[in-house]
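FYI, side chains are in, hydrogens and waters are out, and symmetry mates aren't considered; it's all heavy atoms of this structure. The first residue of the sequence shown is numbered 1, and numbering continues consecutively from there. Given the structure is predicted, the values throughout are model-derived calculations rather than measurements.
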Amino acid sequence: MRRDYLSRIDTTLLQLEDPTNPMMITLVLGFKAPIDFERLKATLRARLLRMPRFRQRVARSRLGLGRPYWQDDPDFDLDYHLRRATLPPPGDQATLQDAVSLLASTPLDMSRPLWQFHLLENYAECCALVGRCHHSIGDGMAMVHVVLSMTDSDPDLPWPSLDPAAARRYAGHRPRAPFRTARSLCRAGRRATGTILQEGLDLMAHPARARGLGQMGSEAAKVVARFALLEPDPDTVISGELGTSKRAAWSEEIPIEGIKIIRRRLGGTVNDVLLTAVAGALRRYLQDQGEPVDAISLRAAVPVNLRPPGREWELGNRMGAVFLSLPVSIAHPAVRLGEIQRLMNDRKGSLEAPVFYYLLNALGYVPASISKPLVDTFGTRGTAVMTNVRGPEHRLYLAGAPLDTLMGWVPQT
C-alpha cells in the first residue's frame with residue numbers, strides 16, 4: 001500500500017505554518033436554536049469521520065527526506081476535536097467576535113489531525129459552531145462543502161449512525177503501515193518515463209497541439225514576468241507586519257436582492273458589486289485615518305476555484321489567484337464599479353490564476369527556508385485577500401438545529 005503524500009501545494013502550505021501565522025481556515029456557523037451536543041458528536045462521527053483525512057495526521061520520514069504524508073492517527077480522540085464552551089455575558093456579536101479571534105490566533109496541534117470544532121453556547125440565546133481546519137486539508141471551497149455534507153434538509157430525521165464497515169474501522173482495524181520497495185520505485189520510474197515519451201510522441205504527431213501548448217507557455221511566461229515587475233503595494237495604515245493576535249469581525253447581513261438590483265441596473269456581477277463596496281469602505285477608512293486616497297490603488301488577491309464543475313467537494317487545494325487593483329481613489333460608486341468591471345473582464349481567459357496555482361505547487365519542491373521568503377515577496381504585492389464562496393440557497397439543519405449564518409476567513413501570509 002503506497003503512502004498518501006501531501007500534494008506539492010499542500011506541502012507549501014504546511015511549510016508556511018508557524019506560531020504567528022496559523023495556516024487555518026476558520027468558519028463560523030450561527031444557529032437559530034440550541035444544538036444537542038451528543039447529536040452533534042454523532043453527526044461528526046458518522047459524516048465527517050467517514051472522510052479518512054479527518055482521522056489522519058501529518059507524518060514525516062525519520063530521516064527528514066521527501067514529502068510529508070498522511071498517516072492514520074492511532075490515538076484519535078473525537079472528544080479532543082469537538083469542544084464545548086459557554087460564552088460569557090452578554091453573549092452578543094462582540095463577545096462571539098472576541099472568541100473567534102482567540103481561536104483564529106491559536107495554532108492547531110501538528111501532532112494530531114489538523115482540525116477542531118468548538119460549540120459556543122449562550123450566543124444570542126442560541127449557539128454558534130466555530131470550525132478550524134488546516135489549509136493543507138482543503139481550501140475554502142472544499143471546507144464549505146464538507147460542512148454542508150454534514151447537514152440535513154429536514155430537522156426531524158433520525159440521528160446519523162455508522163455503517164458496519166465504518167464501525168469496524170473505528171473499533172481499531174487499520175491497514176499495515178505503507179512501505180514502497182525498491183522494485184516498486186523502479187516500476188514507478190518506468191511508468192513515468194513511458195508517460196513522458198508517449199506525450200512527446202503525441203506532440204510530434206499533432207503539431208497544432210504543440211503550437212497551442214507553446215502559445216500557452218509564452219502567455220504563462222508573460223504572466224510571471226508581469227507579476228515579477230509589480231511594485232509592492234504602498235505602505236498604509238492597513239499594511240504592516242502580521243502579528244500573533246488575529247481579529248475577526250463581520251457586518252450585519254446585507255440582503256442579496258439589493259445587490260442584485262444594483263447589478264441589473266449598472267451591470268457587472270454580484271462579486272463586482274461587493275468588491276466595489278469594499279473598495280469604498282477602504283477609501284473611507286483611510287480618509288478617517290488621515291491618509292491620502294486620491295492617487296492610491298491597493299491590490300487584493302482574489303482566489304479563483306480551478307476545480308472542474310461538479311468536483312467542488314474534493315478535498316485538497318485547487319485554488320489559483322488573481323491580483324486585482326482596487327480603485328480606492330475613485331469616489332463615485334458607479335464609476336468605481338465600472339472600473340472594477342473593466343479590470344475583472346481583462347482577466348477573463350487569463351492564465352494568471354492557474355499560473356499562480358502552479359507557482360505555489362513549485363514551492364513544494366524547495367525547502368521552507370527558500371519558499372517562505374518567496375511567499376513574503378508575493379505578500380508585498382497585495383494588501384488584502386478577498387474571497388466569495390456561495391452558500392446554500394435553502395434552509396439546512398445541523399444536528400437538528402437550523403443553520404442561520406455561515407462565514408469564513410482564510411489565513412494571511
Side-chain angles (χ1 to χ4, degrees), residues 4-7 9-19 21-30 35 37 39-60 68-85 99-120 127-151 160 162 166 169-170 246 248 312-319 389 398-399 403 406-412:
D4 183 9
Y5 289 95
L6 276 76
S7 73
I9 190 171
D10 297 340
T11 301
T12 301
L13 294 167
L14 200 65
Q15 289 172 345
L16 296 175
E17 177 75 22
D18 66 61
N21 184 28
M23 293 300 292
M24 292 185 305
I25 293 171
T26 304
L27 297 174
V28 176
L29 291 74
I35 289 182
F37 185 72
R39 181 171 180 176
L40 176 62
K41 184 186 293 186
T43 301
L44 264 64
R45 184 180 291 112
R47 295 180 178 171
L48 184 69
L49 298 187
R50 67 184 177 184
M51 293 176 263
R53 190 66 74 241
F54 292 92
R55 305 189 307 274
Q56 296 174 328
R57 62 185 181 184
V58 173
R60 295 175 174 85
Y69 57 93
W70 297 107
Q71 178 190 68
D72 285 350
D73 182 4
D75 302 314
F76 180 82
D77 180 8
L78 181 56
D79 289 332
Y80 171 80
H81 293 276
L82 177 59
R83 300 297 187 90
R84 186 181 193 178
V100 175
S101 299
L102 177 61
L103 291 170
S105 306
T106 306
L108 293 161
D109 184 347
M110 301 300 287
S111 68
R112 295 175 179 266
L114 299 175
W115 63 274
Q116 273 190 320
F117 279 102
H118 305 260
L119 178 62
L120 304 180
C127 62
L129 185 66
V130 181
R132 303 189 301 142
C133 181
H134 199 278
H135 217 308
S136 60
I137 291 181
D139 52 39
M141 178 69 72
M143 297 318 301
V144 166
H145 280 266
V146 165
V147 169
L148 296 182
S149 73
M150 297 190 294
T151 63
L162 293 175
R169 182 168 62 249
Y170 299 144
K246 315 297 179 188
E312 293 84 359
W313 52 269
E314 291 182 350
L315 293 179
N317 286 271
R318 293 286 297 176
M319 301 294 286
V389 178
L398 179 62
L403 178 61
L406 175 58
M407 303 174 287
W409 292 264
V410 297
Q412 306 297 301

For the atom pair CG (L102) and NE2 (H118), what is the distance rounded to the nearest 0.5 Å?
9.5 Å
Residues in ring-ring contact (aromatic ring centres under 6.0 Å, His included) contact with H81, at least two apart in sequence or another chain:
F76, W115
Are R112 and D75 ion-paired here, with the side-chain N under 4.0 Å from a carboxylate O?
no
In this structure, CG of L29 is separated from CE of M407 (nearest 0.5 Å) by 8.5 Å
Out of curiosity, I137 CD1 to I25 CD1, how far, rounded to the nearest 0.5 Å?
9.0 Å
Side-chain heavy-atom pair M319, V410 within 4.5 angstrom cut-off
no
Minimum heavy-atom distance R53-Q56, with the two atoms named
NH1-OE1, 2.5 Å
Mind checking side-chain hydrogen bond (donor to acceptor under 3.5 Å, both in side chains) for R318 and listing every partner two or more places apart, or none if nothing turns up?
Y357
Set of salt bridge (Lys or Arg N to Asp or Glu O under 4.0 Å) partners for K246, sequence neighbours left out
none
Closest approach of L120 and A99, non-hydrogen atoms and distance?
CD1-CB, 4.0 Å
Just by distance, do the side chain of E314 and the backbone of A142 share a donor-acceptor pair under 3.5 Å?
no
Supply the atom-to-atom distance I9 CD1 to H135 NE2, rounded to the nearest 0.5 angstrom.
8.0 Å
Which atom pair, heavy atoms only, marks the closest approach of L114 to S136?
CD1-OG, 4.0 Å
Name all residues meeting the side chain to side chain contact (heavy atoms under 4.5 Å, CB included) criterion together with Q15; count only those two or more places apart in sequence or in a different chain, and write none if there are none.
T11, A368, S371
Compare all side-chain heavy atoms of N317 with those of S7 and state whether any distance is below 4.5 angstrom.
no
Once side chain to side chain contact (heavy atoms under 4.5 Å, CB included) is applied, do any residues pair with R39, and if so which ones, sequence neighbours excluded?
D36, T43, W159, A399
According to side chain to side chain contact (heavy atoms under 4.5 Å, CB included), who are the partners of V146, at least two apart in sequence or on a separate chain?
L48, M51, F54, M143, L315
Could you work out, with side-chain hydrogen bond (donor to acceptor under 3.5 Å, both in side chains) as the rule, every residue matching E17, not counting sequence neighbours?
H134
Spell out, as yes or no, whether a donor-acceptor pair under 3.5 Å connects the side chain of T151 to the backbone of L398.
no
Tell me, please, which residues at least two apart from D77 pass salt bridge (Lys or Arg N to Asp or Glu O under 4.0 Å).
none
Donor-acceptor pair, side chain of R45 and main chain of L78, under 3.5 angstrom:
no
Hits for side chain to side chain contact (heavy atoms under 4.5 Å, CB included) against Q71, two or more places apart or cross-chain, chain-then-number order -> R57, A59, Y69
Evaluate the side chain to side chain contact (heavy atoms under 4.5 Å, CB included) criterion for residues L103 and T26: first the C-alpha distance (whole Å), next the side-chain angles of each, then the deciding distance (0.1 Å), finally the verdict.
CA-CA 8 Å; L103 291 170; T26 304; 5.8 Å; no
Partners of W409 by ring-ring contact (aromatic ring centres under 6.0 Å, His included), sequence neighbours excluded?
W250
Could you report the tightest heavy-atom contact between A46 and P160, atom names first, then the distance?
CB-CB, 3.8 Å
If you round to the nearest 0.5 Å, how far is CG of L44 from NZ of K41?
10.0 Å
V58 and P68 have their tightest heavy-atom pair at CG1-CB, 3.8 Å
The side-chain hydrogen bond (donor to acceptor under 3.5 Å, both in side chains) partners of R83 (sequence neighbours excluded) come to none
For S111, what residues pass the side-chain hydrogen bond (donor to acceptor under 3.5 Å, both in side chains) criterion, not counting sequence neighbours?
D109
Taking all atoms of both residues into account, what is the closest heavy-atom pair of P22 and S105, and its distance?
CG-O, 4.1 Å
Atom pair CE (M150) and CG (L129), whose distance is rounded to the nearest 0.5 Å:
7.0 Å
